> 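Below you'll find the structure I mean.
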Amino acid sequence: MTTLIVKVDDERTESLKKILSEIPYVHEVEEEQNHNQLQEPSEQYQRIKAILDKAKGKDLFKDIKDPSEWQREIRKEWDRDF
């Protein structure tokens with residue numbers, strides 16, 4: 001027997017449980033609430049701040065020597081005709 005772990009948005013939990021319970025080879029459907037997960041902030045500012053807080057101290061852009069040149073190269077990629 002295999003156990004699968006599926007993460008579902010809160011508003012979809014009940015409908016997925018109902019679907020799974022109707023499948024003959026599904027033996028058990030358990031629900032585990034994970035209270036350790038952070039609730040996603042609703043305002044754009046809060047979401048951006050949460051992302052920046054997670055990125056602190058990770059040196060994400062340490063290989064970029066010249067930020068202006070890096071941005072120019074990115075823009076060139078956008079302007080390419082595929």
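This is a predicted model, so every value here is computed, not measured.
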> To the closest 0.5 Å, what do you measure between CD1 (I19) and CZ (R12)?
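Those atoms lie 10.0 Å apart.
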> With sequence neighbours excluded, what pairs up with K49 under the salt bridge (Lys or Arg N to Asp or Glu O under 4.0 Å) test?
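Applying salt bridge (Lys or Arg N to Asp or Glu O under 4.0 Å) to K49 gives D53.
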> Who are the side-chain contact (heavy atoms from CB on, under 4.5 Å) partners of E14, not counting sequence neighbours?
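Scan of E14 (side-chain contact (heavy atoms from CB on, under 4.5 Å), adjacent residues dropped) gives K17, E31.
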> Could I get the full list of side-chain contact (heavy atoms from CB on, under 4.5 Å) partners for I51, not counting sequence neighbours?
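By the side-chain contact (heavy atoms from CB on, under 4.5 Å) rule, I51 matches no residue at all.
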> Please tell me whether I74 and F61 are part of a single hydrophobic cluster in this structure, the criterion being side-chain heavy atoms less than 4.5 Å apart.
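In one cluster: yes.
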> Please answer whether the main-chain N or O of K54 pairs with a side-chain N or O of K58 as donor and acceptor at a distance below 3.5 Å.
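Indeed, once roles are kept as given, a pair shorter than 3.5 Å links the two residues.
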> Is it true that L60 and W70 fall in one hydrophobic cluster, defined by side-chain heavy atoms closer than 4.5 Å?
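Both belong to a single hydrophobic cluster.
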> Tell me who clusters with V26, hydrophobic residues only, linked when side chains sit under 4.5 Å apart either directly or through other members.
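Members besides V26, by chain and number: V6, V8, L16, L20, I23, Y25, V29.
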> If the condition is side-chain contact (heavy atoms from CB on, under 4.5 Å), which residues does E28 pass it with, not counting sequence neighbours?
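With sequence neighbours excluded, E28 shows a side-chain contact (heavy atoms from CB on, under 4.5 Å) to E30, given in chain and number order.
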> Residues two or more places apart in sequence or in another chain: which of them pass side-chain contact (heavy atoms from CB on, under 4.5 Å) with E69?
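Per chain and number, E69 pairs via side-chain contact (heavy atoms from CB on, under 4.5 Å) with D66, R72, E73.
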